[in-house]
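Report on the structure given below.
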Amino acid sequence: MRHPKFLQNVLIGSAAALFAGTSVLPNHPTQSGPVLEAATAFVAGTPATAATTSTDANSPTAEVALATKSALDALASSVTKLSQPQALEDAFHSYYAYKTENPSDVKKPYLYFVDYGLPSTEARGYVFDMSSLTVIEGPFTVAHGRGSSTSQYGVPTKFSNASGSDATSLGLYVTKALYAFHGHTGGQSYSSVGVKLDGVSTGFNDKALGRGVVAHGAPYVTPTKAGRSEGCPAMEPARARRLLPKLADGSLVFLYAPNQQWLASDPWISADSNG
């Protein structure tokens, strides 16, 4: 079932952020372009011209595409490095496609994005506010699962949805409750804060809740490198205390890698909103 009211609100926010231009990103151009004109036409209830879009501006497919492009226009220049140019677009498309289909699940406007095509010695995590189209925090280092790489540091190459794999699972997640997290590393126990993750990319991460895959703080993640987790997108402990209460209970998380099998089949990357 479609939700035109939500879609209108998405585009109102997206268009507003683009009009703000210099207040969101100082170097972002303020002149209107095809995406902004089409989004503005939809919000205003006026027909889009052939010059602005070749599809029906009122169709769910076009609305998700416009919202995605608006987010890219506002945020792409703030992302310092991506493993693939398409990574951010896939994240934003998945966010809007899922929220269109499941508006009651998305109670907060935040998106935690990690590009696992980059090594663990590089900052590869961001938190975006998808309402104001601003960067809340990032880039910052994020751990991947020990089952996803053979060396302590580097680029993960194996991904799994299976229990006991200790691997990262790619795709889209909805955040659940905040809780007191307890872990072990180097033979020592530690405590932090954690947020449970419910995977909604069927076949790729939908066993995450049962596996205990969570976002949490970990002492093996530092500002310059991240050790390996048991599949969790772990961050620095201080950052976790600051960010995770904000993300808990209804934000989205998108874990990306240039993995062709996943990219071709993830239900939210491939969603065209026509169903």
Side-chain angles (χ1 to χ4, degrees), residues 1-3 60-61 64-65 67-68 82-107 110-118 120 124-126 130 142-150 155-177 194-216 228-234 247-275:
M1 179 177 179
R2 302 301 174 189
H3 301 270
T61 300
V64 169
T68 299
L82 292 170
S83 63
Q84 298 291 325
Q86 189 75 13
L88 203 59
E89 182 175 352
D90 287 341
F92 292 160
H93 180 275
S94 297
Y95 175 92
Y96 288 120
Y98 183 83
K99 189 170 183 180
T100 298
E101 295 294 334
N102 305 276
S104 63
D105 289 356
V106 187
K107 300 177 178 66
Y110 307 116
L111 173 64
Y112 175 22
F113 165 74
V114 183
D115 185 352
Y116 281 126
L118 299 174
S120 57
R124 53 188 180 178
Y126 292 83
M130 301 301 288
V142 181
H144 60 255
R146 65 172 58 93
S148 290
S149 64
T150 55
V155 179
T157 57
K158 298 179 181 179
F159 305 95
S160 177
N161 194 28
S163 296
S165 67
D166 288 342
T168 294
S169 298
L170 300 177
L172 192 68
Y173 299 77
V174 180
T175 63
K176 298 299 183 181
V195 168
K196 296 180 179 180
L197 300 179
D198 186 10
V200 294
S201 289
T202 305
F204 293 98
N205 67 7
D206 53 350
K207 296 181 180 178
L209 203 58
R211 289 177 59 198
V213 174
V214 302
H216 65 86
R228 293 176 296 171
S229 66
E230 295 180 358
C232 302
L247 295 178
D249 295 310
S251 297
L252 295 185
V253 176
F254 188 80
L255 306 185
Y256 174 89
N259 178 280
Q260 294 306 311
Q261 180 183 4
W262 165 68
L263 287 169
S265 303
D266 184 281
W268 302 109
I269 292 177
S270 60
D272 61 7
S273 299
N274 283 325

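- Closest approach of Ala97 and Ala271 over heavy atoms only: CB-CB, 4.0 Å.
- Going from atom OG of Ser270 over to atom CG of Asp90 covers 10.0 Å, rounded to the nearest 0.5 Å.
- Under the 3.5 Å distance criterion, with hydrogens and angles disregarded, no donor-acceptor pair is assigned to the side chains of Asp115 and Tyr126.
- Side-chain atoms of Lys176 and Leu197, non-hydrogen and from C-beta on, never get closer than 4.5 Å to each other.
- In this structure Tyr173 satisfies the ring-ring contact (aromatic ring centres under 6.0 Å, His included) test with no other residue, sequence neighbours excluded.
- The closest donor-acceptor contact from the side chain of Asn161 to the backbone of Lys207 lies under 3.5 Å.
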Legend entry - Derivation and outcome, side-chain contact (heavy atoms from CB on, under 4.5 Å), residues Arg124 and His144: CA-CA 11 Å; Arg124 53 188 180 178; His144 60 255; 2.8 Å; yes
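- No side-chain heavy atom of His93 sits under 4.5 Å from any side-chain heavy atom of Ile269.
- Two residues are said to be in side-chain contact when any heavy atoms from C-beta on lie closer than 4.5 Å; Ser201 and Trp268 meet this criterion.
- A donor-acceptor pair under 3.5 Å links the side-chain atoms of Arg228 to the main chain of Ser149, judged by distance alone.
- Counting heavy atoms from C-beta outward, Tyr112 and Val142 have side chains that approach closer than 4.5 Å.
- The ring-ring contact (aromatic ring centres under 6.0 Å, His included) search around Tyr116 returns none, not counting sequence neighbours.
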Inset, instruction - Carefully, step by step, assess Leu88 and Leu82 under the rule side-chain contact (heavy atoms from CB on, under 4.5 Å). - result: CA-CA 8 Å; Leu88 203 59; Leu82 292 170; 4.0 Å; yes
For residues 248-259, dump all side-chain donor-acceptor pairs below 3.5 Å to protein atoms at least two apart in sequence or in another chain.
{"unit_1": "Ser251", "atom_1": "OG", "unit_2": "Leu247", "atom_2": "O", "d": "2.9"}
{"unit_1": "Asn259", "atom_1": "OD1", "unit_2": "Gln261", "atom_2": "N", "d": "3.4"}
{"unit_1": "Asn259", "atom_1": "OD1", "unit_2": "Trp262", "atom_2": "N", "d": "3.0"}

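- Across all non-hydrogen atoms, the minimal contact from His216 to Gly194 is CB-CA, 4.0 Å.
- Here the side chains of Ser169 and Arg211 are in contact, with some heavy-atom distance below 4.5 Å.
- Note that CG of Leu172 and CG of Asn205 are 7.5 Å apart. Values are rounded to the nearest 0.5 Å.
- Residue Pro233 comes nearest to Val214 through the heavy atom pair CD-O, 3.3 Å, listed as atom of the first residue, atom of the second, then distance.
- Put simply, NZ on Lys196 and OG1 on Thr175 are 12.5 Å apart, with the number rounded to the nearest 0.5 Å.
- Asp206 is not listed as a side-chain neighbour of Val200, based on a closest heavy-atom distance of 4.5 Å or more.
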Legend entry - Tyr95 vs Met130, side-chain contact (heavy atoms from CB on, under 4.5 Å): CA-CA, chis, key distance, verdict: CA-CA 9 Å; Tyr95 175 92; Met130 301 301 288; 3.6 Å; yes
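- Side-chain atoms of Thr168 and Pro156, non-hydrogen and from C-beta on, never get closer than 4.5 Å to each other.
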